[in-house]
Amino acid sequence: MEKRTHGLLARVLRIFMTKPGVILITTLLIVMVMSVISMQISKNFYVSLKREAYLDFKNQSYHMLINSEKQAIKSIQKAIKPNQSKLTLSAPILKNKFYYQNDLMLLEIVVSDASNCFNLNSLFDKSGNTYKAIHTRSNQLSEIGWPDT
């Protein structure tokens with residue numbers, strides 16, 4: 001068995017040595033395969049670096065959002081305390097913007113009051129192409145003169 005393997009290896013080596021250019025082509029093929037492998041490794045490494053950078057940015061943005069929200073809530077509570085009443089749209093806290101600065105970025109916070117908005121979604125329920133009044137609101141609808149369906 002060892003003689004057969006040795007004989008086969010000797011024949012392959014003899015073919016490589018007698019044919020001109022076979023060693024060159026084989027070497028180029030090996031270099032090409034190695035370069036493809038190294039490009040895939042570097043591509044995966046680059047993608048993982050980008051992913052880590054995006055995750056860091058996401059985490060930092062989330063923490064800034066939470067901190068700026070807490071700061072805005074404290075500022076709103078300070079502004080409401082002296083009045084002890086509801087906010088109107090002319091309140092300076094709703095007109096002015098809040099700024100929250102960190103080492104890397106500056107957040108601009110705009111406060112708006114949507115508590116006085118009229119929301120039709122709370123009065124009607126869409127079923128198919130028709131809208132039906134929600135039964136819990138039917139008494140309120142009839143009070144304002146809306147026909148009951």
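It should be emphasised that the depicted structure is a prediction, and the values quoted were computed from it without experimental measurement. Hydrogens, waters and symmetry mates are skipped; everything else that's a heavy atom, side chains included, is used.
- Applying the side-chain contact (heavy atoms from CB on, under 4.5 Å) rule to Gln71 yields the partners Tyr100; only residues at least two apart in sequence or on another chain are considered.
- Scanning for salt bridge (charged side-chain N to carboxylate O under 4.0 Å, His left out) contacts around Lys97 gives Glu108, with sequence neighbours left out.
- Chaining together hydrophobic side chains whose heavy atoms lie under 4.5 Å apart places Ile37 alongside Val33, Ile41.
- Residues satisfying the side-chain contact (heavy atoms from CB on, under 4.5 Å) criterion with Leu28, sequence neighbours excluded, are Leu24.
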List, one per line, each side-chain donor-acceptor pair under 3.5 Å for residues 54-65, sequence neighbours excluded.
from  : atom 1 : to    : atom 2 : distance (Å)
Asn59 : ND2    : Leu55 : O      : 3.4
Ser61 : OG     : Phe57 : O      : 2.8

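- Scanning for side-chain hydrogen bond (donor to acceptor under 3.5 Å, both in side chains) contacts around Glu52 gives an empty result, with sequence neighbours left out.
- With a 4.5 Å cut-off between side-chain heavy atoms of Ile, Leu, Val, Met, Phe, Trp and Tyr, the cluster of Ile73 takes in none.
- Under a 4.5 Å side-chain heavy-atom criterion applied to ILVMFWY residues, the cluster that includes Phe45 comprises Leu49 as well.
- Summarising the hydrophobic clusters (Ile, Leu, Val, Met, Phe, Trp, Tyr; side-chain heavy atoms under 4.5 Å, direct or chained), the residues clustered with Val36 are none.
- Put simply, CE on Met34 and CG on Leu29 are 12.0 Å apart, with the number rounded to the nearest 0.5 Å.
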